Each structure stands twice: as structure tokens, then as C-alpha cells.
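See below for the structure under consideration.
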Amino acid sequence: MPEKTVAENVLDVAAGLILRADGQLLLGQRPEGKPWSGWWELPGGKLEPGETVLQALERELDEELGIRVTEATRWVTYVHAYPHTTVRLAFCRVTKWEGEPRGRENQRLEWVDPARATEVGDVLPATLPPLRWLQLPATYGISNIGRPEDLPAFLQRLDAALTGGLRLMQLREPGWPEGPQAASLHAALQAVLQRCRGVGAQVLVNSAHPRAWWGEADGVHLRAADAAALAGQGPALREALGPQAKVGVSTHDRGQVTVARELEADFIVAGPVAETASHPGQAGVGWEGFEAIIADAGLPAYAIGGQGPDTLARAREHGAHGVAAIRAVFR
């Protein structure tokens, strides 16, 4: 990306989320003499002409912290308007480096828990969204119960997934029988909620199911068509669900991503990357197509379609926050 697009008056910046193995994140305090001095931020800086985002990030982290990046991936590109400038922040996850970070520009450094990062002091407004996104799990499970008589077997698979670390899932049962057996899906939701809440996992309800259930659970996952129908109603949806609820949105193109952003979604699911058994005959968009969908999304994205824990590393190489899956999660 260019350093600056004059027509849009946007400054392109690479910002690094330097993450230790224990989940701690590095923040730096802006020194005296700089705008917003005393505020805490993610290290990084503007792109120089001809640089890629990762090249700029490596240079900036060497200049600011004296470390050499050995493993980093693109994550979320997010636009934030400050009073006197607009910045397009290319957030990157940095998971391996050489050297011990030190403030080469006389800035203070602190390792923080992302969930409690604001306790260190005032944090730059543009740094707040990635602190929230970091708390999203890497794996998003999607249910595949099928029929009422299959619920006990699914709950066994759910228990195994929760024991393995699953902390976010979606109840999505489009094939559940109608008529007298329809009410049994609500009972299935209650059983799922009981198990998930016992270990601190969250459950979103697909928008194909009754709206009253969204509030009973931890939020809603909107199908692309349902998200489009709610366009412009983001604040009202948030108010109805409550401040702690999550909103996910399925997306297949850039226009649907725009709708998700307008709805103040917490994340998107993009794809399918590859053909799946649940959507036979629907060709995947491939990794190039996935990157095109999520470019400048301003939201973390889960890759779906032929994905699972085994593909997480590859998905992150293409900008994904994590992976969403049915069979690879609930085996």
C-alpha cells in the first residue's frame, strides 16, 4: 500500500500485536513531545513508499524496540478517524521474534493481558478494537445435531470439543424437523447452553431460528440475507441484545462485509474457501478469494469451507482470525 493517499487523506500504518506464548500483549507509551503523549498504543508506524505492510512492520519494530521479527501474519485492516487525520491501520499478529523488546525511543513498555489492557492507563482509541478482537477464540464451532434423536450423540461430541478448548459455537440446525418436533430444538439449545456455560464458552444462535432465542443465548449469527434485511438497524439490534452479546455475520463478498460493519458486528465468517459436504456443488472461493472478501473489512474474519484446527496456521497466513467448521470441530 502507498504511504498516503492524498485524495482520501489517509495515512497507512502497520501496527504490531506482539504476543507472548502466555497471551500477554506488548503496549508502548507515547513519549513526551509527540501527539497523544502519555497514551498507550501498539508499536508500529507509517509505510514508506514501496514497502509492504510486513516490511514496514519489521522495520518499525526494529527501530522502536530493537527486535527482529521472525513470524508475523496480517490480521485486520481498520480505518480510524482522529480529529486531524485518518489512519488505515494494518494490524498484524507477531508471534516470534529475536531479541528482548526495549524502548529505543524512550517510551515505556508494558506486557498486559488484552482483556485488562486499559488498566495500564489511557489507550489510544484506535488500539481499543484489536484489544477486544483478541478475546475472540481461534475456533468457531457450528452445530450439526440433525434430528432430535441425535441430540445425545451430539452432546457427547460437544463435551469432547469443550474439553479440547472450544469456547465459541453457533447453534445452526436448518434441517431440524418441523411440526410437533420443532419445539425440541429449543430444548436442545438449553442443553447446549448448560454445557457451554459450565466452562465459560459462548453460544450464538443462527438467525434462521426464533429471535427470542438470541437473547437467551450469547448473541446471534446472521445469515447474509438476514443481515441485509437489518441494514441500518445496528444500534437497535445491539440495544435489544444487550451490551455483552456478540453478533457474527456470514459474508461471501465485499458488499456483505460492508453490511456487517454497519451492523457493528463483532466478526464475520467468510468463504467458503473450499467445497464442503454441507454445501455440495458450491465451489470454494480459494484463499485469493477469501483475501479479497476480507480486505479492509475492519473486522476479524473466520475462514470457513474445508477448515478446522489443522488449517488454522494456513488460514492466518491469509489474514484470518481463525477458522469456523462443523465436522472438524464436532467429531
Side-chain angles (χ1 to χ4, degrees), residues 1 52-54 72-79 88-93 130 133 136-144 166 168-175 204 206-208 220-231 246-331:
M1 288 187 292
T52 67
V53 166
L54 291 179
T73 54
R74 295 283 301 269
W75 185 35
V76 179
T77 299
Y78 174 78
V79 176
R88 180 162 42 225
L89 292 143
F91 292 116
C92 305
R93 298 165 61 100
W133 300 332
L136 287 169
T139 302
Y140 183 29
I142 303 172
S143 73
N144 63 336
L166 180 70
L168 181 65
M169 69 160 287
Q170 175 192 157
L171 181 82
R172 176 185 175 276
E173 298 295 331
L204 306 188
N206 188 275
S207 56
V220 60
H221 184 98
L222 296 168
R223 299 176 297 183
D226 294 333
L230 289 170
K246 284 188 170 57
V247 176
V249 177
S250 291
T251 61
H252 311 287
D253 57 45
R254 295 284 291 275
Q256 292 170 356
V257 171
T258 299
V259 171
R261 194 164 54 242
E262 292 172 350
L263 287 173
E264 303 175 10
D266 293 279
F267 63 87
I268 59 174
V269 172
V273 175
E275 183 178 341
T276 65
S278 58
H279 294 84
Q282 182 177 343
V285 298
W287 287 117
E288 184 176 344
F290 174 81
E291 290 185 17
I293 293 171
I294 70 169
D296 295 334
L299 294 169
Y302 288 92
I304 196 169
Q307 304 305 302
D310 293 343
T311 67
L312 176 60
R314 186 177 185 191
R316 284 182 167 169
E317 290 175 358
H318 295 278
H321 172 79
V323 292
I326 300 175
R327 289 164 180 79
V329 174
F330 298 112
R331 303 187 183 202

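Bear in mind that the values here come from a model prediction, so they are computed numbers and not experimental data.
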Practice task
Heavy atoms only: give me the nearest Leu54-Cys92 pair and the separation to one decimal.
Solution key: CD2-SG, 4.0 Å
Exercise for the section: Determine, step by step, whether Gln170 and Ser143 satisfy the side chain to side chain contact (heavy atoms under 4.5 Å, CB included) criterion, reporting the C-alpha distance in whole Å, the side-chain angles of both residues, the deciding distance to 0.1 Å, and the verdict. Expected result: CA-CA 6 Å; Gln170 175 192 157; Ser143 73; over 6 Å; no
Completion exercise
For Gly319 and Ile294, the nearest pair of non-hydrogen atoms, with its separation, is O-CD1, 3.6 Å
Completion exercise
Rounded to the nearest 0.5 angstrom, the CD-CG distance for Glu264 and Leu299 is 10.5 Å
Fill in the blank from the handout: Scanning both residues in full, the closest heavy-atom pair of Leu136 with Pro300 reads CD1-CG, 3.6 Å
Exercise for the section: Mind checking the CZ-NE2 spacing from Phe290 to His318? Nearest 0.5 Å is all I need. Expected result: 9.0 Å
Practice task
Please confirm whether the backbone N or O of Val269 pairs with a side-chain atom of Thr251, one donor and one acceptor, at under 3.5 Å?
Solution key: yes
Practice task
With rounding to the nearest 0.5 Å, note down the distance linking CD in Glu291 to CZ in Arg74.
Solution key: 8.5 Å
Practice task
May I ask you to decide if the ring planes of His221 and Tyr140 are parallel, tilted or perpendicular, using 30° and 60° as cut-offs?
Solution key: tilted
Practice task
Flag the pair Leu166 / Val329 as yes when at least one side-chain heavy-atom distance between them is below 4.5 Å, and no otherwise.
Solution key: yes
Problem - pair Gln256-Ile293: side-chain heavy atoms closer than 4.5 Å - result: no
Exercise for the section: Output, in order, the C-alpha distance, side-chain angles, deciding distance and verdict of side chain to side chain contact (heavy atoms under 4.5 Å, CB included) for Thr77 and Phe91. Expected result: CA-CA 6 Å; Thr77 299; Phe91 292 116; over 6 Å; no
Fill in the blank from the handout: Sorted by chain and number, sequence neighbours left out, side-chain contact (heavy atoms from CB on, under 4.5 Å) with Ser207 holds for Trp214, Val220, Leu222, Arg223, Asp226
Handout entry: Validation row: Leu204, Val247 side chains within 4.5 angstrom (heavy atoms)
Key = no
Problem - Donor-acceptor under 3.5 Å (Arg261 side chain, Ala297 main chain) - result: yes
Practice task
Please report the closest heavy-atom contact between Gly298 and Tyr78, naming both atoms and the distance.
Solution key: O-CD1, 3.8 Å
Handout entry: OG1 on Thr139 to CE on Met169, rounded to 0.5 Å
Key = 13.0 Å
Practice task
Indicate yes or no: at least one non-hydrogen side-chain atom of Trp75 is less than 4.5 angstrom from one of Pro130.
Solution key: yes
Problem - Side chains of Val79 and Leu89 in contact at under 4.5 Å (non-hydrogen atoms) - result: no
Fill in the blank from the handout: Taken to the nearest 0.5 Å, the spacing of Asn144 CG from Arg331 CZ works out to 12.0 Å
Fill in the blank from the handout: What one should report as the nearest heavy-atom pair of Ala324 and Ile142 is CB-CD1, 4.3 Å
Handout entry: Steps toward ring pair (Phe, Tyr, Trp, His ring centres under 6.0 Å) verdict (His321, Tyr302)
Key = CA-CA 6 Å; His321 172 79; Tyr302 288 92; 5.5 Å; yes
Exercise for the section: Output the distance between atom CG (Leu312) and atom CD (Gln307), rounded to the nearest 0.5 Å. Expected result: 9.5 Å
Handout entry: Heavy-atom pair with the smallest gap, counting every atom of Gly306 and Thr311
Key = O-CG2, 4.0 Å
Exercise for the section: Any chance you could lay out the side chain to side chain contact (heavy atoms under 4.5 Å, CB included) test for Leu230 and Leu263, step after step, and finish with the verdict? Expected result: CA-CA 8 Å; Leu230 289 170; Leu263 287 173; 4.0 Å; yes
Practice task
Would you please name every residue forming a side-chain contact (heavy atoms from CB on, under 4.5 Å) with Pro309, sequence neighbours left out?
Solution key: Ala328
Exercise for the section: Look only at the side chain of Thr73 and the backbone of Glu317, and say whether a donor-acceptor pair between them is shorter than 3.5 Å. Expected result: no
